[in-house]
Q: 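Below is one structure. I have some questions about it.
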Number of protein chains: 2
Amino acid sequence: MNARKRSRIEDIRREELILAAHRVFLTQGLAGLTTARICAEAGLSPGILAYYFRGKEDVLFQMVRYNNRILMEDIARRLRAAVTPWDRLTAIVEGNFPAANYNRAAANAWLSVCAAATANPEYARLQRYFYRRLASNLASCLKPALTGDRLEAAILTVGVMIDGLWLRRAADDGTSRDRAVAHMLAQIAAFLEPGEQRALGRSAPA
Amino acid sequence: MNARKRSRIEDIRREELILAAHRVFLTQGLAGLTTARICAEAGLSPGILAYYFRGKEDVLFQMVRYNNRILMEDIARRLRAAVTPWDRLTAIVEGNFPAANYNRAAANAWLSVCAAATANPEYARLQRYFYRRLASNLASCLKPALTGDRLEAAILTVGVMIDGLWLRRAADDGTSRDRAVAHMLAQIAAFLEPGEQRALGRSAPA
DNA sequence: AAGAATATTGAATGATCAAACAAAAAATTG
DNA sequence: CAATTTTTTGTTTGATCATTCAATATTCTT
């Protein structure tokens with residue numbers, strides 16, 4: 001009995017609840033994400049959440065993990081398809097602006113998580129992990145062209161611009177997905193010397 | 001009696017409450033900002049808030065306005081002291097990273113407001129106004145060097161990087177105020193041609 | 001200083017929501 | 001099929017917090 005037999009139902013319900021939480025999260029944001037609503041979205045009764053999870057925080061945490069996982073898997077997939085370093089850079093940038101979710105509601109949801117991360121060390125840990133991963137991906141693309149301080153600076157700039165564009169998306173819904181991606185790539189190219197661009201295998205000029 | 005005689009007390013209390021809200025906001029964030037705490041911070045009893053304001057939202061809104069106003073006034077002051085366009089660019093960047101408030105708590109607080117702006121059209125309006133002002137300030141600095149699409153791109157990049165750096169500050173408290181400012185200016189310089197930099201009156205090279 | 005107007009208090013109200021729980025329903029097992 | 005375990009439900013509890021309000025205190029007017 002101690003070695004709990006993980007029944008199928010248990011795993012199914014957990015996943016259903018996490019997916020339901022994710023759907024509510026992307027449309028209502030963290031603020032509108034109540035236990036009752038999550039359960040309703042999953043088509044289950046309100047009490048069920050406490051049965052499968054330690055509490056609301058538990059679901060939320062796993063939901064954010066789930067969200068990060070699909071994002072990172074998508075980036076990994078794009079990276080495998082890329083050939084030149086510049087292609088991989090493009091893959092990272094595109095992966096950080098998922099076409100399906102780059103909208104005001106999702107941007108806002110993600111923003112709420114960033115805001116919550118200050119109070120919640122678990123979220124903060126997830127976020128640091130995500131940033132480290134991004135930095136290391138970027139480093140591997142940019143190393144053929146940059147080193148030392150300029151490499152560090154480029155990594156910071158790219159990361160910061162991604163965050164900033166998401167934040168703007170939450171604020172005024174202004175810049176479309178394609179414009180955001182194009183802008184990112186154009187700006188990265190703009191602070192690289194012609195020789196450095198060649199080192200990354202960038203073919204098409206701006 | 002209809003033409004309400006605005007007694008001093010009324011104005012004093014309103015200001016006290018807004019300042020108190022601002023202090024709580026910068027240290028506790030939007031989440032910890034309860035009516036009771038605001039009043040306590042102001043050294044008044046909990047009921048008083050409703051006497052001078054329509055409700056909590058009202059105080060919050062005016063508090064955000066107050067926050068924006070001191071930020072913009074500080075930038076305006078710096079701009080008056082600047083001579084070359086590059087000086088004015090520096091003034092804008094420095095003004096957007098107020099030394100006293102560029103810390104994790106304040107960054108988080110500001111982030112919560114961005115998150116709330118999606119639900120609250122009033123906040124969204126304030127934010128759009130702030131962004132427009134920033135864009136117009138930047139345009140006036142950069143026009144001697146850039147035009148058309150490149151000008152637009154530069155304005156977007158600078159704005160987006162400011163937001164992104166604040167967001168990072170909320171997340172990991174990593175980049176210090178001085179590093180943030182230095183990074184911003186270095187990156188701006190990096191995507192300007194030597195001739196464009198000269199047009200802005202930039203004296204000291206990186 | 002008396003009385004009117006204004007300012008302030010602190011407790012009560014009501015709404016929201018997460019979490020706990022007891023009991024019912026369904027599934028599984030012997 | 002009866003016993004037992006798993007799953008689900010709907011209600012209740014307790015906490016937090018904005019808002020209201022009647023009562024009290026202070027200030028102003030004449």
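Note that the coordinates shown come from a computational prediction; the quantities given were computed from them, not determined experimentally.
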Q: Picking from Arg132(B), Arg133(B), Gln127(B), what satisfies side-chain hydrogen bond (donor to acceptor under 3.5 Å, both in side chains) with Tyr129(B)?
A: Arg133(B)
Q: NA contact type, Tyr52(A), heavy-atom cut-off 4.0 Å: base, sugar-phosphate, or nothing?
A: sugar-phosphate
Q: Strictly by modelled atom types, are Arg88(A) and Ser140(A) linked by a side-chain donor-acceptor pair under 3.5 Å?
A: yes
Q: Nearest to the side chain of Lys56(B) - dT19(D), dA7(C), dT9(D)?
A: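 Minimum distance to the Lys56(B) side chain belongs to dT19(D).
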Q: Starting from P on dA22(C), measure out to OH on Tyr51(A) and report it in whole angstrom.
A: 15 Å
Q: Take atom CD1 of Ile48(B) and atom P of dA25(D), then tell me their distance rounded to the nearest Å.
A: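 It is 15 Å, rounded to the nearest whole Å.
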Q: Starting from C1' on dA18(D), measure out to CG on Leu49(B) and report it in whole angstrom.
A: 9 Å
Q: Out of dA18(D), dT20(D), dT8(C), which has the shortest distance to the side chain of Thr34(B)?
A: dA18(D)
Q: What is the distance, rounded to the nearest whole Å, between atom CD of Gln28(B) and atom C1' of dC17(D)?
A: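 It is 15 Å, rounded to the nearest whole Å.
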Q: Output yes when at least one side-chain N/O atom of Ser45(B) is less than 4.0 Å from OP1 or OP2 of dT8(C), else no.
A: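 Negative; the distance criterion is not met.
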Q: Nearest whole angstrom, please: distance from the C1' of dT7(D) to the CZ of Arg14(A).
A: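 To the nearest whole Å, that distance equals 13 Å.
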Q: Rounded to whole angstroms, how far apart are CG on Leu60(B) and P on dC17(D)?
A: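 The distance from CG of Leu60(B) to P of dC17(D) comes to 14 Å, rounded to the nearest Å.
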Q: Quick one: are Arg14(A) and Leu17(A) in side-chain contact, heavy atoms under 4.5 Å?
A: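 Result no, sub-4.5 Å side-chain heavy-atom pair not found.
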Q: Would you classify Ile38(A) as touching base, sugar-phosphate or nothing, given that sugar-phosphate means primed atoms plus P, OP1 and OP2, and contacts are heavy atoms under 4.0 Å?
A: nothing
Q: Using a cut-off of 4.0 Å on non-hydrogen atoms, how would the nucleic acid contact of Leu44(A) be classed: base, sugar-phosphate, or nothing?
A: sugar-phosphate
Q: On DNA chain C, check which nucleotide each of Arg13(B) and Arg37(A) is closest to and give me the residue with the more 5' one.
A: Arg13(B)
Q: Separation of Ile9(B) atom CD1 from dT27(D) atom P, in whole Å?
A: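 In whole Å, dT27(D) P lies 8 Å from Ile9(B) CD1.
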Q: Between Ile12(A) (CD1) and dT8(D) (P), how many Å, whole number?
A: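 Rounding to the nearest Å, CD1 of Ile12(A) and P of dT8(D) are 10 Å apart.
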Q: Any side-chain heavy atom of Gln197(B) within less than 4.5 Å of one from Trp86(B)?
A: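 No; the side chains remain at least 4.5 Å from each other.
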Q: Let me know, please, whether Gly47(B) or Ala50(A) comes out on the 5' side of the other along DNA chain C by nearest nucleotide.
A: Gly47(B)
Q: Tell me whether the rings of Trp166(B) and Phe97(B) are parallel (<30°), tilted (30 to 60°) or perpendicular (>60°).
A: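 Trp166(B) and Phe97(B): parallel rings.
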